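Each chain gets a letter, A, B and so on, in the order its sequence line appears, and its residues count up from 1. Predicted, not measured: the structure shown is a model, and the values here were computed from it. FYI, side chains are in, hydrogens and waters are out, and symmetry mates aren't considered; it's all heavy atoms of this structure.
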Protein chains: 2
Amino acid sequence: MISHGNNRKLLTPEREALILEALGNGVRTISELAATLQVSEATVRRDLRTLEQRGELQRVHGGAVRVDEGTKRELLFHEKATLRADEKERIAEAALGLIENGDSVYLDGGSTVLALARKLESRRELTVVTNSLMAAAELMESGHKLILLGGEFRPLSRTLVGPLTSPIGEALHIGKAFFGTIGLTASGVSTTDPGEAFTKKLILGRAEQAILLADSGKFGRTSLVEAGKLDDFDIVVTDSGAPSELQKILKKNKIKLIMA
Amino acid sequence: MISHGNNRKLLTPEREALILEALGNGVRTISELAATLQVSEATVRRDLRTLEQRGELQRVHGGAVRVDEGTKRELLFHEKATLRADEKERIAEAALGLIENGDSVYLDGGSTVLALARKLESRRELTVVTNSLMAAAELMESGHKLILLGGEFRPLSRTLVGPLTSPIGEALHIGKAFFGTIGLTASGVSTTDPGEAFTKKLILGRAEQAILLADSGKFGRTSLVEAGKLDDFDIVVTDSGAPSELQKILKKNKIKLIMA
DNA sequence: TTTATTTTTGCAAGTTTATGAAAGAATTTG
DNA sequence: CAAATTCTTTCATAAACTTGCAAAAATAAA
């Protein structure tokens, strides 16, 4: 098989370290990096793409910036919201198509799901259940019936998570549940926080229909805690940049794929 | 594809930082920024547009102003103008005196209790349980442990109310609970919404110590639903305008009165 | 070790993105 | 309400990016 783009297995840890060191904490241009590493610019780009998928750094036009402060911390809320905003917008639009007036829906945390929340004004008489304070703020004056899961507040994602969410979660009947994720692989979705994973699983087990919203950057990434198997989901909505590999995996699991 | 306006993927973080720094906290004109950043005015305009979309700054004719953190939050949960702001402020200050580091407190809805929430930055390691989204927004980045009651959202008061709040409420142990009210008479407190009353009673029955924050305007008023007997409360905090009649009634019920 | 297979790399062609200049629309100001 | 300034839109261009291919390197198999 011809390898290009992102099918590469791995990057030598040696060069990975070199790149990250070269980046320091500022921005480096591609040509600078190519000179430092003694490789072509094309190779640098491929390396950066790989490292971006792992969440180690953030590519920008002309170069890359290191993303972590200390170690792999999760991005702050508003930083995340501005990444791949275009893709997220399109994914949200496609997801909106799945919602009809009168539905009862669940909205998980995450910026893609938040983009969907903003579009719900165009529907009537929804019952919206959510664990996201941002989504709640967005829907406060929407006229929809709004129910918040209780629980412990997690500042990083601005969601309510953990065991305290279960009594309420168990009391509710949810039609369509929309989830975001940090990472998505053949084995399932993963997220950084155990409490977050707990609540995802809880709702995942109770919704009639589970829908995953994940932009193409999420594919191939894993995070700390497993939050659900791939076949827990009925539909996956992603953008056109998604690798064809994903299509195969979904087909095998009989999951419907929507490309926005 | 021709790129203009806002199709750009992202702005290098480098220049983003420069712009925000250049803005400082005053207004900068486009030409000033263009000179500082060594780019054309057209580019500055595009950058500003992008940053405005992210909510980082506010464009004005001729330049841009930075949006500060406080304003950002208010965009989400803008507060209605409050009556008797002075009294409420003093009551909140007095109530703060009842809270010690490490306490577990409950915050009810209402503007007086919200004023208290704003003061909690001065304490450490609190566990704050609340049914108020306004209070939650206020405490989001406080570092305190924050737990939200789940339940149905009531837009008017921006609180979570009704039977769905009971499973979580029953699972929690609460030290000091602070309540607001609409009306306060010798027979007890009352409020406009049955769901609101339900949740008040629920917590009232579970807190070790129940504290009522009520400015003098509340006395003598009744509202639709009874939300608690007077002797359910241990402490009442009010302002100096409170009628002496109240003192007598409280004394009879052996309730401590704090005049702010 | 040699051979077969997979993975990585550099180059080049084609595409996308960022930027500055310029023309026309909108706003402010006198 | 007219002049001046600022804004938006369009266009051209250069720089950056992606993708396909073939050669080189690394890995696995014989």
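Between A:Glu100 and A:Arg123 there is no salt bridge, since no side-chain nitrogen of the basic residue lies less than 4.0 Å from a carboxylate oxygen of the acidic one. Ion pairing between a basic and an acidic side chain is recognised when a charged N comes within 4.0 Å of a carboxylate O; B:Glu52 and B:Arg45 show no such pairing. A salt bridge links A:Lys229 and A:Glu226; the closest N-O separation between the charged side-chain nitrogens and carboxylate oxygens is under 4.0 Å.
Considering only side-chain atoms of B:Ile30, the nucleotide from D:dC7, C:dT19, C:dG20 that sits closest is D:dC7. In this structure, of C:dA18, D:dT18, C:dC11, it is C:dA18 that holds the atom nearest to the side chain of A:His61. Of the candidates C:dG20, D:dT19, C:dT19, the closest approach to any side-chain atom of A:Arg49 belongs to D:dT19. Considering only side-chain atoms of A:Arg45, the nucleotide from D:dC17, C:dC11, C:dA21 that sits closest is D:dC17.
In this structure, the CD atom of A:Glu41 is 17 Å from the P atom of D:dT19, given to the nearest Å. A:Arg28 has its CZ atom 16 Å from the P atom of D:dA16, to the nearest Å. Summarising the geometry, the separation between CD on B:Gln38 and C1' on C:dT19 is reported as 15 Å, rounded to the nearest angstrom. Between A:Glu52 atom CD and D:dT18 atom P there is a gap of 9 Å when expressed in whole angstrom units. The CG atom of B:Asp47 sits 15 Å away from the C1' atom of D:dC7 (whole-angstrom rounding). A straight line from CG of B:Leu33 to C1' of C:dT19 spans 17 Å, rounded to a whole angstrom.
The aromatic rings of A:Phe233 and A:Phe179 lie perpendicular to each other, with more than 60° between the two planes, well past the 30° mark.
Checking the phosphate oxygens (OP1, OP2) of C:dG20, a side-chain nitrogen or oxygen of B:Ser40 falls inside 4.0 Å.
Using a 4.0 Å heavy-atom distance criterion, A:Val44 is classed as making no nucleic acid contact.
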Residue pair A:Arg206, A:Ile174: steps toward the side chain to side chain contact (heavy atoms under 4.5 Å, CB included) verdict: CA-CA 7 Å; A:Arg206 300 193 52 80; A:Ile174 293 161; 5.6 Å; no
Test side chain to side chain donor-acceptor pair (under 3.5 Å) applied to B:His144 and B:Glu121, step by step: CA-CA 8 Å; B:His144 297 307; B:Glu121 297 275 3; 5.7 Å; no
Result block: side-chain N/O donor-acceptor pairs under 3.5 angstrom for residues 249-260 of chain A, not counting sequence neighbours:
unit_1	atom_1	unit_2	atom_2	d
A:Asn253	ND2	A:Ile249	O	2.9

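In terms of polar N and O atoms assigned as donor or acceptor, the side chain of B:Arg46 comes within less than 3.5 Å of the base of C:dG20 in a complementary pairing.
Across its full length, the helix from C:dT1-D:dA30 to C:dG30-D:dC1 shows an angle of 40° between the axes of its 5 terminal pairs at either end, rounded to 10 degrees.
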